[in-house]
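For reference, the structure is listed below as structure tokens.
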Amino acid sequence: MHIRAFVETNWPQVWPIVRDVVQALETFPFDPAMTATQAHSIWIEVPPGLTVVAVDGDRVLGTAKMGTNRPGPGSHVSTASFMVAADARGRGVGTALCRFALDWARECGYAGMQFNAVVESNRSAVELYQRLGFHIVGTVPGAFSHPTLGRVGLHVMYCAF
């Protein structure tokens, strides 16, 4: 597996990953009815941000986007989001993408990385982020409507560099 910058020719493989993750309604607070064009405008970062893909040969296994969490006085903190194809989960793709984002943010001189909305029932992601140095700094109770669990919390997680 190799992680590299997204190029437009990757979109036909990235869009189904984004669509499937969002339509599952389990981990991302994005509109499940969004179009490919809307998803592209949300997922593809413009510099100084970066969108990447994890590939195995020509196949996209997952994708990540990273950039500044907030402008102005908050611009010293980065953020990132990750999505992995359903049949590639459990193979270390998410871990590799998160490590890539953390390294990128450190190299860019950010003071830390903040995740604004980690669904608390997404235990594999929460545990991964904690293994990589993130801490839950707060939870908004019932802020996410999960399709089978009902309303669950959204964690704010932070990793200081």
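Residue numbers count from 1 along this sequence. No hydrogens, no waters, no symmetry mates; every other heavy atom, side chains included, goes into these values.
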The reported gap from OG1 in T95 to OH in Y129 (rounded to nearest 0.5 angstrom) is 9.5 Å
Of all heavy-atom pairs linking A24 and P147, the shortest is O-CG, 3.7 Å
To the nearest 0.5 Å, atom CE of M66 lies from atom CG of L102 at 9.5 Å
Is F82 close to F100 at the side-chain level, that is, under 4.5 Å between some pair of heavy atoms? no
Problem set entry | Side-chain heavy atoms of L132 within contact of R99, under 4.5 Å | yes
Let's go through L154 and V119 carefully: what are the C-alpha distance in whole Å and the side-chain angles of both, what is the deciding distance for side chain to side chain contact (heavy atoms under 4.5 Å, CB included) to 0.1 Å, and is it a yes or a no?
CA-CA 5 Å; L154 284 178; V119 178; 3.6 Å; yes
Q: Decide whether V137 and F115 are clustered together by the hydrophobic rule: side chain heavy atoms of Ile, Leu, Val, Met, Phe, Trp, Tyr closer than 4.5 Å, transitively.
A: no
In short, salt bridge (charged side-chain N to carboxylate O under 4.0 Å, His left out) pairs touching residues 53-72 with sequence neighbours left out are E45-K65, R59-D87
**Asked** Backbone N or O of V52 within a donor-acceptor pair of the T63 side chain at under 3.5 Å?
**Response** yes
In terms of heavy-atom contacts, V126 and M157 come closest through O-CE, 4.0 Å
To the nearest 0.5 Å, atom CD of Q114 lies from atom OG1 of T79 at 6.5 Å
Run the side chain to side chain contact (heavy atoms under 4.5 Å, CB included) check on L128 and S124 step by step: do they pass? CA-CA 6 Å; L128 163 64; S124 60; over 6 Å; no
- prompt: Would you say V118 and V156 are hydrophobically clustered, going by side-chain heavy atoms of ILVMFWY under 4.5 Å?
  reply: no
Going by chain and number, the hydrophobic cluster around I42 (ILVMFWY, side chain to side chain under 4.5 Å) further includes F6, W11, V14, W15, I17, V18, V21, V22, F28, F30, M34, W43, I44, V53, V55, V60, M83
Residues M113 and A105: closest non-hydrogen pair is CE-CB, 3.8 Å
Intermediate values then yes/no, side chain to side chain contact (heavy atoms under 4.5 Å, CB included), E120 and F144:
CA-CA 9 Å; E120 72 178 340; F144 186 85; over 6 Å; no
CG of N122 to CD of E127, rounded to nearest 0.5 Å, is 9.5 Å
Minimal heavy-atom distance between A33 and D31, with the atoms involved, is N-OD1, 2.9 Å
Any sub-3.5 Å donor-acceptor pair from T35's side-chain atoms to Q38's backbone N or O? yes
By ring-ring contact (aromatic ring centres under 6.0 Å, His included), Y110 pairs with (sequence neighbours left out) W104
Minimal heavy-atom distance between V93 and A88, with the atoms involved, is CG2-O, 3.8 Å
Heavy-atom closest pair (H146 atom, S121 atom, distance to 0.1 Å) is CD2-OG, 3.6 Å
Do the side chains of M1 and V84 join up, straight or via other hydrophobic residues, at under 4.5 Å, putting them in one cluster? yes
query: Given the rule that I, L, V, M, F, W and Y join up when any side-chain heavy atoms are under 4.5 Å apart, are F161 and L50 in one cluster?
result: yes
